[in-house]
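Let me begin by presenting the structure, written as structure tokens, before commenting on it.
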Amino acid sequence: MRKVSLILLGAFLGVGSSMVATQTRLLSGTSAVAASAETYRQLSLFGDVFEKVRTDYVEKPDEAKLIEAAVNGMLTSLDPHSSYMDAKSFRDMQVQTRGEFGGLGIEVTMEDGLIKVVTPIDDTPASKAGILSNDVITQIDEDQVQGLTLNQAVDKMRGPVNSPVKLKITRKESKDPIEVVLNRDVIKIKPVRSRAEGGDIGYVRLTQFNEQTYDGLRSAIDKLNTEIGADKLKGYVLDLRNNPGGLLDQAVAVSDAFLDRGEIVSTRGRNPDETQRFSAKAGDLAKGKPVVVLVNGGSASASEIVAGALQDHKRATVLGTRSFGKGSVQSIIPLGGSGALRLTTARYYTPSGRSIQAKGIEPDQEVLQEVPDELKGKDETKGEAGLKGHLKQKDVEERGGSSAYVPPDPAKDKQLIAAFDYLRGIQKGASNTKAPVPN
């Protein structure tokens, strides 16, 4: 569909990695259940197999990798979202959730085996050095880029703030290669993009839920309200399409931005005493203006928490196609210097008490895009229900994925156009009411 791009920050969040605070107590002896004799027998079996592989395999194996593979195998057998992160993956994840890192400020993609600049980020070393969209990076610090993966190239360009890096690039307009030396700086990923539409609608796009998301949303709403004027502003479009999720506390904060009261989401673990409820505080940043939330098959996890909360409270009209259906929460549990555990520890429920696990958020108004012929059949996500080993719900009909296609040209974006039309045609309605919903 679209080329995958990275913004010099390592691993992508992945579909729906909503995370709660570190729960090291899960590994404490006080909460552990005594292992049965059968469990110890199986552990002994693992030890026997490991010893045989270590001593008799045709080539000397890397013992650390064997242990890591065994641990990851155990976790991935639980569900698609539990996994082991080695130390580097854990660091990359922390960089991603912080939303800032030492780098150059270039959004890059891989095309035909080459590292191509999608766009430089404003006010970063890359933009100040004159790097342009479609530039091709051929060398990083004298090392050839061809043959590297996208992640490997990203790792080479990231580094300590104020450290230099030399790039050699080719540009269509230039006959000779261009060499530039840049000093790395603190790059802040902006997960919120906004603009005024037609002088009467505020459009806000959330691309992920990292530590910067709520602050970015608040700034965007303030700016749009000032730019358009409260008397002219008809409402807001909150675009969550293809947003894979992120931090649970940010999903709660974004939901709270549009609510004055009531439950936002609850998380329920294996034991009843692990249930947590998150409620809205007084203060609607949108000041009661109508809201349309856009979702599609790529909207997952934290995106679904926001859409579900605003839908249940009838604070917003949800428009688009059915969301991904990831209704579980992962805790990140550091393991000293050995990486971290990403473990599914709870399911989450919308204010009305519904779980969207393997089902998704059904939009109030379904709007289908016109998918180009070459993408038909390739535009739909599998959805949570299509993932091997996903958590099941009793007596609930599972639903597969829906289309995740968004036209690059806003003029052809039927969902976006429908959202604008809806807001311009509304005076008062359900999307402006705030009655609490029973749980």
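Sequential numbering from 1 along the given sequence is applied to the chain's residues. None of the values given here were measured: they were computed from a predicted structure.
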Problem set entry | Contacts of type side chain to side chain contact (heavy atoms under 4.5 Å, CB included), residue Asn72, not counting sequence neighbours | Thr76, Ser83, Tyr84
For this session: Output all residues satisfying side chain to side chain contact (heavy atoms under 4.5 Å, CB included) with Lys88, sequence neighbours left out; order by chain, then residue number.
Result: Asp86, Arg91, Asp92, Asp155
Exercise. Quick check: does any side chain N or O of Gln42 sit under 3.5 Å from a backbone N or O of Glu38, one acting as donor and the other as acceptor?
Worked result: no
Exercise. Are Glu211 and Arg98 within salt-bridge range, i.e. N to O under 4.0 Å?
Worked result: no
For this session: Go through the steps to decide whether Leu259 and Ile264 satisfy the test side chain to side chain contact (heavy atoms under 4.5 Å, CB included), and finish with yes or no.
Result: CA-CA 9 Å; Leu259 296 170; Ile264 292 171; 4.1 Å; yes
Exercise. Looking just at side-chain N and O atoms, do Thr317 and Asp364 make a donor-acceptor pair shorter than 3.5 Å?
Worked result: no
For this session: List for me each residue that meets side-chain hydrogen bond (donor to acceptor under 3.5 Å, both in side chains) alongside Asp123, sequence neighbours excluded, and say none if there are none.
Result: none
Exercise. Who are the salt bridge (Lys or Arg N to Asp or Glu O under 4.0 Å) partners of Lys412, not counting sequence neighbours?
Worked result: none
Problem set entry | Ser403 side chain to Thr321 side chain, donor-acceptor N/O pair below 3.5 angstrom | no
Exercise. Taking all atoms of both residues into account, what is the closest heavy-atom pair of Lys326 and Gln357, and its distance?
Worked result: C-OE1, 3.8 Å
Exercise. Between Asn243 and Ser299, is any side-chain donor less than 3.5 angstrom from a side-chain acceptor?
Worked result: no
Exercise. What are the two closest heavy atoms between Ala404 and Gly298, and how far apart are they?
Worked result: CB-N, 3.8 Å
Exercise. Ion pair present between Arg195 and Glu197, side-chain N to carboxylate O less than 4.0 angstrom?
Worked result: yes
Exercise. Ala286 and Tyr236: which non-hydrogen atoms are nearest, and at how many Å?
Worked result: CB-CE1, 3.7 Å
Exercise. Do Lys65 and Glu68 meet the salt-bridge criterion of a basic N to acidic O distance under 4.0 Å?
Worked result: no
Problem set entry | Where Leu294 and Ala419 come nearest, the two heavy atoms and their spacing | CD2-CB, 4.0 Å
For this session: Dump the intermediate steps for side chain to side chain contact (heavy atoms under 4.5 Å, CB included) on Gln208 and Gln96, then the final yes or no.
Result: CA-CA 10 Å; Gln208 58 181 265; Gln96 180 82 20; 3.3 Å; yes
Exercise. Hey, is CD on Gln144 packed in by over 12 heavy atoms from elsewhere, all under 6.0 Å?
Worked result: yes
For this session: Check the pair Thr267 / Arg347 against side chain to side chain contact (heavy atoms under 4.5 Å, CB included), numbers first and verdict last.
Result: CA-CA 6 Å; Thr267 62; Arg347 298 173 187 255; over 6 Å; no
Exercise. Does any N or O in the side chain of Arg184 come within less than 3.5 Å of the main-chain N or O of Arg158, such that one atom is a donor and the other an acceptor?
Worked result: yes
Exercise. How close do Glu274 and Arg270 get, heavy atom to heavy atom, and via which atoms?
Worked result: OE1-N, 3.3 Å
For this session: Report yes if some heavy atom in the side chain of Leu78 is under 4.5 Å from a heavy atom in the side chain of Thr344; otherwise report no.
Result: no
Exercise. Short question: side chain of Ser219, backbone of Asp215 - any donor-acceptor pair under 3.5 Å?
Worked result: yes
For this session: Compare all side-chain heavy atoms of Tyr405 with those of Asn296 and state whether any distance is below 4.5 angstrom.
Result: no
For this session: For the pair Arg193 and Asp239, find out whether any cationic side-chain nitrogen is under 4.0 Å from an anionic carboxylate oxygen.
Result: no
For this session: Ignoring hydrogens and angles, tell me if any N or O in the side chain of His313 forms a donor-acceptor pair with the backbone of Gly308 under 3.5 Å.
Result: no
Exercise. Under 4.0 Å between a Lys/Arg side-chain N and an Asp/Glu carboxylate O for Lys359 and Glu398?
Worked result: no
Exercise. So, is the end of the Arg268 side chain (NZ or CZ) under 6.0 Å from the ring centre of Tyr348 and within 45° of the ring's axis?
Worked result: no
For this session: Could you tell me whether the side chain of Thr345 and the main chain of Gln330 form a donor-acceptor pair under 3.5 Å?
Result: no
For this session: Indicate yes or no for a side-chain donor-acceptor contact from Gln250 to the backbone of Leu247 under 3.5 Å, with no hydrogens or angles considered.
Result: no
Problem set entry | Those residues that, when tested against Lys116, pass salt bridge (Lys or Arg N to Asp or Glu O under 4.0 Å) (two or more places apart) | Glu111
For this session: Can you see which heavy atom on Asp141 is nearest to which on Pro164, and at what distance?
Result: OD2-O, 4.5 Å
Problem set entry | Whether over 12 other heavy atoms sit under 6.0 Å from Gln146 CD | no
Exercise. Can you tell me if Asp413 uses its side chain to pair, donor with acceptor, with the backbone of Pro408 under 3.5 Å?
Worked result: no
For this session: Start with the C-alpha gap between Val318 and Leu310, add the side-chain angles, then the distance that decides, and say whether side chain to side chain contact (heavy atoms under 4.5 Å, CB included) holds.
Result: CA-CA 8 Å; Val318 179; Leu310 299 185; 5.9 Å; no
Problem set entry | Whether Asp135 side chain and Val117 backbone form a donor-acceptor pair below 3.5 Å | no
Problem set entry | Pairs touching residues 143-153 that satisfy salt bridge (charged side-chain N to carboxylate O under 4.0 Å, His left out), sequence neighbours left out | Asp143-Lys156
Exercise. Can Arg315 be said to sit on top of Phe258's aromatic six-ring, NZ or CZ under 6.0 Å from centre and within 45° of the ring axis?
Worked result: no
For this session: Decide whether Ser279 and Glu263 meet the rule of one side-chain donor and one side-chain acceptor closer than 3.5 Å.
Result: no
Exercise. Hey, is the main chain of Gly389 close enough, under 3.5 Å, to the side chain of Asp79 for a donor-acceptor pair?
Worked result: no
For this session: Please check if atom CG in Asp273 has more than 12 non-hydrogen atoms from other residues, nucleotides or ligands closer than 6.0 Å.
Result: yes
Problem set entry | Thr97 (side chain) donor-acceptor with Met93 (main chain) under 3.5 angstrom | yes
Exercise. Do NZ/NE/NH1/NH2 and the carboxylate oxygens of Lys168 and Glu142 come within less than 4.0 Å?
Worked result: no
Problem set entry | Working for salt bridge (charged side-chain N to carboxylate O under 4.0 Å, His left out), residues Glu366 and Arg322 | CA-CA 8 Å; Glu366 183 181 51; Arg322 186 176 58 257; 5.7 Å; no
